[in-house]
Amino acid sequence: MKIATWNVNSIRARLPRLLDWLGRQQPDVVCLQETKVVDALFPRADLEALGYQCVFTGQKTYNGVAVLSRTPAVEVLRDLPGEPAGSERRFLAVDVAGVRVVCVYVPNGREADSPHWLAKLEWLERLRAFLADSLATVPELVVCGDFNIAPGDADVWDVALWQGQNLFTGQEKAMFDRLLDLGLTDTLRHHQPGPGVFTWWDYRNGALHRGWGLRIDHILASAALAGRLLKAEVDREARKGSQPSDHAPVIADFGGRPAGEF
DNA sequence: ATGGCTACTCCTAGTAGA
């Protein structure tokens, strides 16, 4: 079971590249972030034509998340418990083939210690509580998305530059560790423990080819799934060429269940 | 490296992203 996450930075601007990428990678489940489109205009037909079912929750201009799947997905929740009504579209939980898939677009935070950054930590705390509840009853769970946290020194290209900055503060890294403490495995880190494995590069200044990147997109898996992890990687090729997203997809491949359960 | 890019919008300037 290939599960991917990709911040596409507008699904309409990225549609040709997304369709091409789906055809090439053939993932079973894809979590998308920053779709930036209201539900009425989500390009469902183009994705269904490729054999993908779509569950999505979006808004105009900002945010928006979706889960694509080759087998039916049952929506579980589209509002993170504790969020006020009409909140930003950043969360979606679905069940696919016995796996609970949680798609998140964590608030950016903008600047350390700013009101936006404090709201980011509060959002993460609500996510932690939701995941703790879910893991009590659901053994196979993945949390996929743009976490806007580089969890360790290996995940930024210049530790001194990033020290204490938004995405790399001690509080954000501690919160990420608390998520892992729920029993989740950082699949990409687990499979590729070395430094310099990044998922985002600034559009400016040739950041991609200069290696100025961050690892902020993650696939966290519960123990039952992580035990079947075959591979996890960044599709850096998808960041190249014309009109890319500034994020690259992350893909985790989990082996099948014992015979008879699929 | 504090933006020199990209995408969005009651669009030609301001906001946001990370």
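Below, chains carry the letters A, B, ... as their sequence lines are ordered, and counting in each starts from 1.
A cation-pi arrangement is absent between A:Arg14 and A:Trp6, since the terminal nitrogen or guanidinium carbon is not both under 6.0 Å from the aromatic centre and inside a 45° cone about the axis. The cationic group of A:Lys2 does not satisfy the cation-pi geometry with A:Phe254, failing either the under 6.0 Å distance to the six-membered ring centre or the 45° limit from the ring axis.
Comparing A:Leu214 and A:Ala13 by the nucleotide of DNA chain B whose heavy atom lies nearest to each, the residue mapping closer to the 5' end is A:Ala13.
Rounded to a whole angstrom, the distance from the P atom of B:dG17 to that of B:dA1 is 23 Å. Between B:dT9 and B:dG4, the distance separating the two C1' atoms is 23 Å to the nearest Å. B:dC5 and B:dC10 have their P atoms separated by 25 Å, with the value rounded to a whole Å. Separation of the P atoms belonging to B:dC11 and B:dT6 is 23 Å when rounded to the nearest angstrom.
Ring planes of A:Phe91 and A:Trp123: perpendicular class, angle over 60° (limits at 30 and 60°).
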Contact state string [nucleotides 9-17 of chain B, B base, S sugar-phosphate only, - no protein heavy atom under 4.0 Å] | SS-----SB
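Among the heavy atoms of the strands, none lies under 4.0 Å from A:Arg210. Note on A:Trp201: nothing from the nucleic acid sits closer than 4.0 angstrom, heavy atoms only.
Salt-bridge formation is not detected for the pair A:Arg90/A:Glu83: no Lys NZ or Arg NE/NH1/NH2 atom is positioned less than 4.0 Å from an Asp or Glu carboxylate oxygen.
Side-chain contact, A:Thr199 with A:Arg215: no donor N or O sits under 3.5 Å from an acceptor N or O.
Across all non-hydrogen atoms, the minimal contact from A:Ala66 to A:Cys103 is O-SG, 3.7 Å.
For the pair A:Gln165 CD and B:dA1 P, the computed distance is 12 Å after rounding to whole Å. Across the protein-nucleic acid pair, A:Asp158 atom CG and B:dT2 atom P stand 12 Å apart, rounded to whole Å.
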